[in-house]
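Taking it in order: structure first as structure tokens, then the write-up.
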Amino acid sequence: RPAGHVTMPATATATPVMAAELPPDKEKLVSETRQRFTSEHLQDKVEKYDSRDVERLKQDNAWIESYLQWRHYNVDDTLKMIDESFQFRKEFSVHDLNESSLPKWTFETGAVYLHGYDKDGNKIFWFRVKLHIKDSKTTLERKKYVAFWLERYSKREQGKPLTVVFDLTETGLSNVDMDFVRFIINCFKIYYPKYLSKMVIYEMPWIMNAAWKIVKTWLGPDALNLLKFASKTDVQEYINVEYLPAHMGGIDPFKYSYPPLPDDDFQTPLCENGPILGEDELDDKEKGDGDCKEPVDANHSEESLLKPKKVSLDSDRPDSKIKSLKKPQTLFRGSLLHISPAEDIHFGSKESGETKCLIVLTNVTKSSVAFKVRTTAPDKYRVKPSNGSFEPGTSMDILVSLHGGVEASPQDRFLVMAAEMNQATGSAAPPDLTQFWKEVMRDQVMEHRLRCHVIESSKAVAVAKENLGKGHTVFSNQEDLHSKITKIMVSNRRLEEQIDRCLLLLQLLTGMVALLVAITIPSLYRQSSDSQ
């Protein structure tokens with residue numbers, strides 16, 4: 001799957017993103033899909049697609065593979081899906097959706113937004129259904145608003161799945177909008193393949209049972225298997241209390257408001273010698289420390305970029321900690337930097353004592369590149385160096401370490417930001433990074449997000465295996481209990497359906513009796529009159 005995303009100028013050409021080489025059989029299917037789409041669809045429907053999507057399809061194997069995987073590698077079904085998805089992207093102008101192109105009220109309602117992470121580290125896409133009022137006049141704007149969030153996320157976290165939460169607390173019939181629900185389903189079923197990790201339906205009221213039966217017919221078997229029904233008593237199976245609002249039994253103090261848009265709260269982490277000063281407070285020494293010690297020829301060749309020189313911001317004092325650490329094996333290929341690892345920073349558990357890891361940056365441009373690293377948990381991590389600049393064809397090791405006896409969490413994120421520096425030729429003065437970051441245009445900044453992954457210690461694995469060998473049945477008991485609860489819930493729903501049918505039959509019989517009485521009484525009255 002795609003490893004990440006690069007934010008680039010609108011005129012730039014996206015670099016194909018590949019997390020890893022595809023196996024030969026998948027490569028063949030990707031090639032066949034691309035060739036057939038070009039010959040069967042681009043000939044007569046080219047005006048129905050956005051040229052940026054067509055160009056990406058020609059270059060990005062991982063994008064095609066995501067469609068193939070969602071359609072179980074059936075090329076015919078994949079072509080239909082790409083065609084429908086591309087027409088949607090053109091109709092909704094997803095590439096051009098932004099805060100200024102949408103009505104302000106869509107952002108102010110707070111009905112749809114991204115915030116927090118589930119237990120698997122997946123971003124949560126919230127739908128507060130009680131805040132949605134069905135209105136045919138605003139349907140298109142609401143759909144574009146959902147597309148805005150999905151497109152924004154896909155560009156930032158390309159290929160990383162989302163957890164959708166439908167919060168049905170205090171929801172009534174006035175909030176039920178079947179057309180809007182179907183659009184959301186199609187977003188994950190057709191338009192954004194592989195982005196759905198699970199869909200949590202929270203506190204679905206019985207009054208919506210009939211609507212739910214219709215919704216189930218729209219879901220394919222893949223999406224249907226990802227549905228999770230939850231209440232206040234069991235929603236913590238999927239989301240920790242720190243990301244649940246109070247009405248769900250959580251402790252998350254977050255309250256939606258606009259502006260600004262809710263997003264990852266990336267902050268400057270700690271360096272090894274203590275907190276880094278704010279960017280406006282950086283002194284000359286810190287600015288100078290950002291310089292690369294090993295310049296290379298400005299006219300270096302493409303081959304020289306493939307074999308980058310190692311640089312360190314503390315080259316006079318080689319860090320033995322870095323030398324002892326394992327180098328990451330995966331690689332994200334961005335337009336300015338190659339970043340390793342591609343997606344996950346791996347830490348050990350407390351038992352393993354593995355509290356350090358490396359991020360390796362490689363400058364693949366022909367200019368100096370400024371960078372900075374931020375994190376959503378600045379009190380937990382030390383990053384050295386957390387900012388600086390380095391020259392073309394060189395690479396830099398960044399040491400990330402836990403401190404204070406804390407443990408890494410899948411919810412923790414790191415953001416690597418980079419921008420090309422057009423320093424005057426022959427200038428010997430160190431770059432003023434503070435001023436540079438103030439002046440650089442947002443669309444010139446490359447961003448790549450990394451998430452934390454905790455590796456279970458070998459000791460913990462051994463204990464688990466030992467327990468399993470002794471015949472411990474805790475997990476099996478839990479699974480049995482879960483299975484029984486599921487069966488009870490299914491039986492309960494069937495009972496509700498039977499009760500509904502009985503009530504309907506009772507109403508029908510009552511109506512028939514009333515009709516018979518209405519017919520019989522006049523007849524009896526006439527007979528009585530005739531006899532008199």
Side-chain angles (χ1 to χ4, degrees), residues 2-17 52 56 95-100 114 123 148-149 151-160 259-269 276 278-280 282 286-287 290-292 305 313 331-343 359-376 378 383 385-392 394-396 398 400 413-423 430-451:
H5 171 71
V6 179
T7 303
M8 296 174 293
T11 56
T13 301
T15 303
V17 179
R52 288 166 287 189
R56 182 183 174 189
H95 285 286
D96 303 314
L97 289 176
N98 53 55
E99 290 181 67
S100 60
L114 287 167
K123 194 78 173 179
F148 160 79
W149 276 110
E151 187 67 14
R152 187 172 189 263
Y153 177 82
S154 69
K155 288 180 177 178
R156 292 186 169 211
E157 302 277 2
Q158 201 172 67
K160 296 179 182 178
L261 288 173
D263 204 347
D264 291 314
D265 185 19
F266 285 106
Q267 302 175 41
T268 303
I276 293 176
E279 291 178 2
D280 295 334
L282 287 172
E286 287 175 321
K287 296 173 189 175
D291 291 340
C292 199
L305 293 179
L313 298 188
L331 181 67
F332 166 77
R333 301 177 184 274
S335 61
L336 305 181
L337 299 179
H338 287 180
I339 301 174
S340 184
E343 294 185 10
I359 300 175
V360 181
L361 308 180
T362 303
N363 183 347
V364 295
T365 72
K366 296 185 178 181
S367 304
S368 294
V369 169
F371 75 92
K372 54 184 174 181
V373 181
R374 294 189 169 184
T375 178
T376 56
V383 178
S386 67
N387 63 76
S389 66
F390 60 124
E391 297 196 7
T394 59
S395 64
M396 181 177 295
I398 296 176
V400 181
R413 294 289 197 275
F414 285 84
L415 173 68
V416 179
M417 303 174 67
E420 197 169 2
M421 304 180 72
N422 297 318
Q423 196 171 350
D432 186 339
L433 296 179
T434 304
Q435 192 63 29
F436 172 77
W437 285 111
K438 286 181 179 179
E439 297 176 353
V440 67
M441 298 294 292
R442 176 67 180 171
D443 61 1
Q444 300 295 326
V445 178
M446 165 187 157
E447 293 185 353
H448 182 61
R449 285 161 169 76
L450 299 167
R451 58 186 175 185

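Values reported hereafter were calculated over all heavy atoms of this structure, with side chains retained and with hydrogens, waters and symmetry mates removed.
Considering every non-hydrogen atom in both Asn363 and Leu337, the closest pair reads CA-CD2, 3.9 Å. Closest approach of Ala342 to Leu450, counting heavy atoms only: O-CD2, 3.6 Å. Thr394 and Glu391 make their closest contact through OG1-O, 2.5 Å (heavy atoms, listed as atom of the first residue, atom of the second, distance). For the pair Ile398 and Phe371, the tightest heavy-atom approach, listed with the atom from each and the gap, is CD1-CE1, 3.7 Å. Considering every non-hydrogen atom in both Met421 and Ala370, the closest pair reads SD-CB, 3.5 Å. The minimum heavy-atom distance linking Arg413 with Lys123 is given by the pair NH2-N, 4.5 Å.
For the atom pair CD of Glu151 and CG of Leu97, the computed distance is 7.5 Å after rounding to the nearest 0.5 Å. Atom NZ of Lys160 sits about 8.5 Å away from atom CZ of Arg449, to the nearest 0.5 Å. Note: Asp96 CG to Arg52 CZ = 4.5 Å, rounded to the nearest 0.5 Å. With values rounded to the nearest 0.5 angstrom, Leu331 atom CG is found 12.0 Å from Glu343 atom CD.
Residues Met396 and Val369 form no side-chain contact, since every pair of their non-hydrogen atoms from C-beta on lies 4.5 Å or further apart. Leu433 is not listed as a side-chain neighbour of Lys372, based on a closest heavy-atom distance of 4.5 Å or more. A heavy-atom distance below 4.5 Å is found between the side chains of Met446 and Ile339. Within the 4.5 Å cutoff, side-chain heavy atoms of Leu361 are placed close to those of Val416.
Between the side chain of His338 and the main chain of Val360, no donor-acceptor pair closer than 3.5 Å is present. Looking at Asn387, its side chain never comes within 3.5 Å of a backbone N or O of Pro385 through a donor-acceptor pair.
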